[in-house]
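We count ligands from 1, going down the list as the structure has it; atoms in each ligand are counted the same way. Basis for what follows: all heavy atoms, side chains included, without hydrogens, waters or symmetry-related copies.
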Amino acid sequence: MFDKILIANRGEIACRVIKTARRMGIKTVAVYSEADANARHVRLADEAVLIGPAAARESYLVVDKIIAAAKATGAQAIHPGYGFLSENEDFCHACEREGIVFIGPPVAAIRAMGSKSEAKKLMEAAGVPLTPGYHGDNQEPAYLHRQADAIGYPVLIKAAAGGGGKGMRLVAKSEDFIDLLASCKREAISSFGDDHVLVEKYITRPRHIEIQVFGDSHGNVVYLFERDCSVQRRHQKVLEEAPAPGMTPERRAAMGKAAVEAAKAVGYVGAGTVEFIANQDGSFYFMEMNTRLQVEHPVTEMITGLDLVEWQLRVASGEKLPLAQEQLQIRGHALEARIYAEDPAKGFLPSTGRLVHLAPPAEGLHVRVDTGVEEGDEISPHYDPMIAKLIVWDINRDRALARMLQALADYRVVGVANNIEFLSRLTACPAFATADLDTGLIERERAYLFPEGETVPEDVWRVAALAELVREAQRAAEAAKADRDPLSPWHARDGWRLNATARRELVFRFGELQQAVGVVYLPGRYRLCVGARAVEARGELNPRGLARVELDGLRMDATVIVAAEKRHVFLQGRAWPLTRVDPLLHTGEGAGAEGGLLAPMPGKVIALVAAEGAKVEKGAPLLILEAMKMEHTITAPAAGTVKAFRFAVGDQVGDGAELVEFEAAAA
Ligand code: ADP
Ligand code: ADP
Ligand code: MG
């Protein structure tokens with residue numbers, strides 16, 4: 001076994017690998033960019049090496065810098081995590097050249113599976129079922145068009161080198177093929193430097209079911225069952241689970257066998273995932289193989305009781321697989337939710353900022369949190385906006401669902417927009433709860449997932465007001481302690497006023513809704529009026545914002561976090577980001593901040609959709625910006641005219657840069 005390994009990654013996966021290495025008594029070396037100098041993975045590792053500026057291209061993706069760091073620290077092996085250099089042939093070669101073990105498959109397996117087209121050819125030869133389609137070398141548009149016509153619409157055009165849900169175009173009818181082919185090739189060149197595409201039959205209402213495989217250097221390959229990753233947005237996974245609901249032992253064995261054959265066909269060693277697309281009737285086709293540890297590997301760990309990173313380290317150091325196929329078993333059910341700093345209501349727009357308050361649920365037998373950040377850390381625009389992966393386990397799916405709902409309800413994040421609320425709705429939505437799964441679930445359930453015209457429960461306003469009052473009282477008590485005259489009426493916070501009644505109003509806002517809470521000070525408690533209804537309230541607040549609240553004798557727990565004028569109320573499993581409206585201060589966000597014509601974050605302009613001078617409707621797409629691995633469409637804030645674009649395609653823009661000069665039509 002190795003004495004010391006280097007982890008060529010960041011964030012939660014770097015922390016995840018460090019955890020196992022430490023348990024096995026292996027020393028760890030982290031690498032980090034200038035933006036990550038104080039990141040959690042750097043704090044956890046035994047040693048850490050600075051490898052360059054924030055941009056991944058200049059740090060985490062630079063092969064030479066990583067190799068140099070390994071040599072300088074005497075690391076014998078490198079774990080690449082996922083993303084970054086994990087599926088990079090040049091990197092594997094460089095490791096080989098320098099006598100450093102790459103903790104992953106042999107370079108030939110990475111090469112064989114690196115192109116979706118080449119992989120399909122190999123799988124065809126190995127007798128693995130394939131999605132019907134064309135994956136040959138002829139890239140002539142007219143030829144591909146004829147192939148698509150023959151396959152029958154809808155078809156999917158895929159970049160052979162694609163990944164991360166990018167470089168795909170759905171074509172509904174023959175007339176659209178040529179245009180979509182061109183746009184797919186454009187994206188493929190700019191994202192992957194290779195515009196080779198394949199054309200596949202588009203499966204309607206499919207499920208994404210993948211098989212975890214593991215090989216060793218002694219010729220053994222096993223499968224560690226399946227994961228269902230059907231719940232996706234923009235072809236990217238959001239919720240994953242194992243085992244797949246409705247899976248029969250026969251189908252599992254058939255898929256497992258196909259996956260093992262796929263792995264054997266390329267001489268696979270280490271952890272890999274064979275992704276299949278499955279029809280509702282259970283028939284399945286090979287989609288691609290990911291030659292690395294997958295983001296969602298923890299659900300497999302939870303149902304098998306194994307540590308896949310430990311297996312990776314053992315296999316990489318030449319050991320045999322710890323268990324044979326017959327020794328592997330599924331126990332219970334696990335779910336994983338990817339917690340992102342993003343705003344689901346704004347098309348999942350990533351959000352950046354400081355994690356002012358971060359309180360994950362308590363970990364234990366049933367709950368696991370894999371994260372790369374702690375309270376006070378920053379979600380920066382340079383990398384993936386993932387905050388954590390929340391994984392739960394229980395003896396069956398229903399109980400695991402209940403665990404997930406509870407854990408999400410307990411998760412508190414303040415400082416960046418996040419998808420926790422969305423994940424709760426997703427977990428609770430009837431289609432997911434009854435395992436009526438397919439990759440279109442989120443689109444199909446929009447009405448449930450994005451409810452409109454929500455009202456705020458009255459207790460939320462009351463709790464916000466009560467927390468405000470308790471905090472004032474605490475501050476007054478502290479001031480009094482520090483003061484010479486603790487009995488001075490100036491410190492009193494029980495509503496005593498010179499020349500005034502003991503009444504006041506606290507005003508809060510939630511989106512467009514504004515609510516005044518009337519306050520009457522009573523001995524040891526307050527009377528709070530929301531509308532006509534008065535409730536007697538009292539409470540305590542600890543420095544972490546945890547509140548013990550009593551409303552008309554009913555006790556409840558809540559959390560209220562203050563961040564500038566925001567009051568984040570967490571009550572009964574939901575977060576309510578309210579704004580305290582101080583009528584004397586006229587705070588409140590500037591009107592300009594809502595406009596859609598400023599860059600929401602630093603990024604690159606990848607398309608100008610509207611023409612200069614064009615008259616457009618409200619909501620019309622104007623420009624596409626790529627940032628944090630995603631595309632964001634900047635839309636018209638109102639009906640009006642596109643006067644001028646301030647940037648050209650390919651330009652890098654800063655946060656808040658004015659992208660488009662826009663003139664709204666006179667109302
Ligand atoms: P990536 O490399 O981006 O992960 P995949 O080939 O694995 O690309 O596809 C990603 C997702 O796109 C799948 O999980 C599935 O939701 C969808 N998809 C891929 N191929 C098809 C297909 N032929 N029909 C329908 N959906 C598909
Ligand atoms: P998966 O199917 O497991 O989501 P993807 O191909 O989408 O696989 O990528 C795997 C993961 O790697 C992504 O979810 C993302 O978090 C991470 N990743 C990929 N590329 C990068 C990158 N350039 N920077 C940071 N993280 C990345
Ligand atoms: Mg995939």
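When the Mg ion (ligand 3) is compared with the N/O/S atoms of E288, atom OE2 turns out nearest. E275 has its closest N, O or S atom to the Mg ion (ligand 3) at the position named OE1.
Taking the ring axis of F348 as reference, the NZ or CZ atom of R233 stays within 45° of it and closer than 6.0 Å to the ring centre. Taking the ring axis of F450 as reference, the NZ or CZ atom of R446 stays within 45° of it and closer than 6.0 Å to the ring centre. Stacking of R397 on the aromatic ring of F432 is recorded, both the 6.0 Å distance cut-off and the 45° axial limit being met.
The shortest N or O to N or O distance between Y202 and ligand 1 is not under 3.5 Å.
With respect to K389, the salt bridge (charged side-chain N to carboxylate O under 4.0 Å, His left out) criterion is satisfied by exactly one of E240, E12, E301: E12.
Close approach to L156 involves these atoms of ligand 1, each under 4.0 Å from a residue heavy atom: 18 (N), 19 (C), 20 (N), 21 (C), 22 (C), 27 (C). Interface of T439 with ligand 1, defined as ligand atoms under 4.0 Å from a residue heavy atom, comprises 16 (O). For ligand 1, the atoms closer than 4.0 angstrom to any heavy atom of E288 are 1 (P), 2 (O), 4 (O), 5 (P), 7 (O), 8 (O). Each of the following atoms of ligand 1 lies closer than 4.0 Å to a heavy atom of M168: 8 (O), 9 (O), 10 (C), 12 (O). Listed by number with element, the atoms of ligand 1 under 4.0 Å from a non-hydrogen atom of K201 are 22 (C), 23 (N), 24 (N). Within ligand 1, counting atoms from 1 as listed, the ones closer than 4.0 Å to a heavy atom of T131 are 23 (N).
In this structure, R205 pairs ionically with D436, as a charged nitrogen and a carboxylate oxygen lie closer than 4.0 Å.
If you look at I203 next to ligand 1, the close heavy atoms, those under 4.0 Å, come from the backbone and the side chain alike. Residue contacts with ligand 1, taken as heavy atom pairs separated by less than 4.0 Å, involve I277 solely via side-chain atoms from C-beta onward.
Remark: among candidates H208, K158, Q236, Q232, the nearest residue to atom 16 (O) of ligand 1 is Q232, based on non-hydrogen atoms.
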Assess whether side chain to side chain contact (heavy atoms under 4.5 Å, CB included) is satisfied between F91 and I66, documenting all intermediate values. CA-CA 9 Å; F91 183 55; I66 303 225; 3.9 Å; yes

Evaluation steps, side chain to side chain contact (heavy atoms under 4.5 Å, CB included), between H196 and S115
CA-CA 9 Å; H196 196 104; S115 155; 5.5 Å; no

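The aromatic ring centres of Y153 and Y202 sit 6.0 Å or more apart.
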